[in-house]
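This report refers to the structure that appears directly beneath it.
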Amino acid sequence: MSGLLMRIHSPEFQAMSRRVLEVTALTSRLNVLPFDDEAGKAELFAQILGRPLGSGVTIYPPFFTDHGRNLELADRVFINQNCTFLDYAGIRLAERVMVAPRATFITVGHPVDTADRRIWLTGGPIDVHENVWIGAGATILPGVTIGRDSVIAAGAVVADDVPPRSLVTGTKAAVRRTWED
């Protein structure tokens, strides 16, 4: 089985679970602040990310993350409203990345096989290179790298690496495998 990240109910998983609860409390507070409370937002983002926001980074709440400390935002990153970053395995957004509303970045999941689903977490980091635009409602899945200057269309589901200077579209779901009980 490739992509194993951690065993559920291990000490590492328990530590992750505690962090998720802590960050959920922080994002809950962040997401009810008045929009113009820049100092309050800056303080909460520093707690969520483990460091202050970088130069020219703009994030419009509501904002959601499960870990926060594994979300690396370079200078001049723009994140619009209602985006989700499940960053336990790491998410890196390089300079000048723009993220439209409701985009979702997921670095952790579960195995497909029924016997392993409640035992393991799988996943991999997401790496978004410079000057990429992620469209509204796009979903970026574990282990994906998106090349420089690319555009991910609204609603796209990205499960594979994207070459530089590419337009990615599509959401079509297809049966890939079946199994017996």
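- The shortest distance between side-chain heavy atoms of Thr58 and Ile79 does not fall below 4.5 Å.
- Tyr60 pairs by the ring pair (Phe, Tyr, Trp, His ring centres under 6.0 Å) definition with Phe35, Phe78, not counting sequence neighbours.
- Residues that satisfy the side chain to side chain contact (heavy atoms under 4.5 Å, CB included) test with Ala103, not counting sequence neighbours, are Cys83, Val99, Phe105, Ile134.
- Screening residues 139-165 for salt bridge (Lys or Arg N to Asp or Glu O under 4.0 Å) gives Glu130-Arg148 as the qualifying pairs, with residues at least two apart or on separate chains.
- Residues satisfying the side chain to side chain contact (heavy atoms under 4.5 Å, CB included) test with Leu86, not counting sequence neighbours, are Asp66, Thr84, Ile106.
- The stretch residues 70-98 participates, sequence neighbours left out, in these salt bridge (Lys or Arg N to Asp or Glu O under 4.0 Å) pairs: Arg92-Asp127.
- Partners of Thr114 by side chain to side chain contact (heavy atoms under 4.5 Å, CB included), not counting sequence neighbours, listed by chain and number: Arg117, Trp179.
- Considering only residues two or more places apart in sequence or on other chains, Val23 meets the side chain to side chain contact (heavy atoms under 4.5 Å, CB included) condition with Arg19, Thr27, Ile48, Thr65.
- In this structure, Arg102 has no salt bridge (Lys or Arg N to Asp or Glu O under 4.0 Å) partners at least two apart in sequence or on a different chain.
- In terms of the ring pair (Phe, Tyr, Trp, His ring centres under 6.0 Å) criterion, His110 has no residue partners (sequence neighbours excluded).
- The side chain to side chain donor-acceptor pair (under 3.5 Å) analysis of residues 133-145, with sequence neighbours excluded, yields no pairs.
- Side-chain contact check for Val168 versus Val151: every heavy-atom pair is 4.5 Å or farther apart.
- Taking Phe45 as the reference, Phe63 meet the ring pair (Phe, Tyr, Trp, His ring centres under 6.0 Å) condition, with sequence neighbours excluded.
- Residues meeting the side-chain hydrogen bond (donor to acceptor under 3.5 Å, both in side chains) test with Gln14, sequence neighbours left out: none.
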